[in-house]
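Throughout, residue positions are numbered sequentially from 1 according to the sequence presented. As the structure lists them, so they are numbered: ligands from 1, and atoms in each ligand from 1.
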Amino acid sequence: MSLAIYPGSFDPITLGHMDVVQRAAAIFDRVTVAVLQNSSKSSLFTVEERMEMIRESVDGIDGVDVSSFNGLTVEYARNVQANAIVKGLRAVSDFESEFQQALFNRKLAPEITTVFLMTSFANVYLSSSLVKEVARFGGDVSFAVPQPVARRLKALALKGGGE
Ligand code: PNS
């Protein structure tokens, strides 16, 4: 049985991420969307909130579950006996750092292969950070995120929160 992990910050999950989840689910028997806990980035949503939004968003996609992890991605992949790490690629700008990470990860864990999946053209410009910025200033981002995320961002904006 093939298992892929799809690691990331997902703060919050966007339709670009969802596109990658759907493509991965069509290739692997099981896909675990894995939220990094110990990120150096400051986040808008807690890990629990992010996992809940992802769970609601992937509901109905067969073979997909949600988890979180601490530490190295390859260590987590090993612990859950994943064969592959899935990463989404949007534009050439993503490539350099993804390429470095994939080679570093291969050195650390040669038995785990990084698989890059391209998002559809309609989603190439989406990023969690732009979604947060636009939402913070009251802009509508419902075209860019799954409905459970749009709902929470709207609630935060109404509260005047978002920091
Ligand atoms: O959504 P992001 O923030 O681009 O995801 C980056 C992530 C979480 C995949 C990456 O930072 C990562 O793998 N972090 C865990 C620590 C680790 O394994 N670092 C070594 C990478 S070579």
query: Going by an N to O cut-off under 4.0 Å, is there a salt bridge joining D11 and K41?
result: no
field: R106 with E111: basic N within carboxylate O range, under 4.0 Å
entry: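 Salt bridge between R106 and E111, a charged N being under 4.0 Å from a carboxylate O: no.
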Of the listed options L103, L72, V74, closest to atom 17 (C) of ligand 1 (non-hydrogen atoms): L72
message: On a heavy-atom basis, I'd like to know which of N70, N105, L36 is closest to atom 22 (S) of ligand 1.
response: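 Nearest heavy atom to atom 22 (S) of ligand 1 lies in N105.
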Work out whether the distance between some heavy atom of [X] and some atom of ligand 1 is less than 4.0 Å.
{"X": "Q100", "answer": "no"}
{"X": "K41", "answer": "yes"}
{"X": "G71", "answer": "yes"}

At less than 4.0 angstrom from any non-hydrogen atom of [X], what atoms of ligand 1 do you find?
{"X": "S9", "result": "1 (O), 2 (P), 3 (O), 5 (O)"}
{"X": "K87", "result": "9 (C)"}
{"X": "F104", "result": "22 (S)"}

- request: Compute the centroid of each ring, for F10 and then for Y6, and state whether the two points are separated by less than 6.0 Å.
  value: yes
With a 4.5 Å heavy-atom cut-off, do [X] and [Y] have their side chains touching?
{"X": "L36", "Y": "S68", "value": "no"}
{"X": "R90", "Y": "S127", "value": "yes"}
{"X": "D65", "Y": "R30", "value": "yes"}

query: Which residue owns the protein heavy atom closest to atom 13 (O) of ligand 1, what's the atom, and how far is it?
result: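 Of every protein heavy atom, T73 OG1, 2.5 Å lies nearest to atom 13 (O) of ligand 1.
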- prompt: Is the shortest N/O to N/O distance between Q101 and ligand 1 below 3.5 Å?
  reply: no
task: Show your working on side-chain contact (heavy atoms from CB on, under 4.5 Å) between L117 and L89 and close with a plain yes or no.
output: CA-CA 6 Å; L117 296 177; L89 274 185; over 6 Å; no
Per-atom contact, atom 6 (C) of ligand 1, protein heavy atoms, under 4.0 angstrom: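 Protein heavy atoms within 4.0 Å of atom 6 (C) of ligand 1 - there are none.
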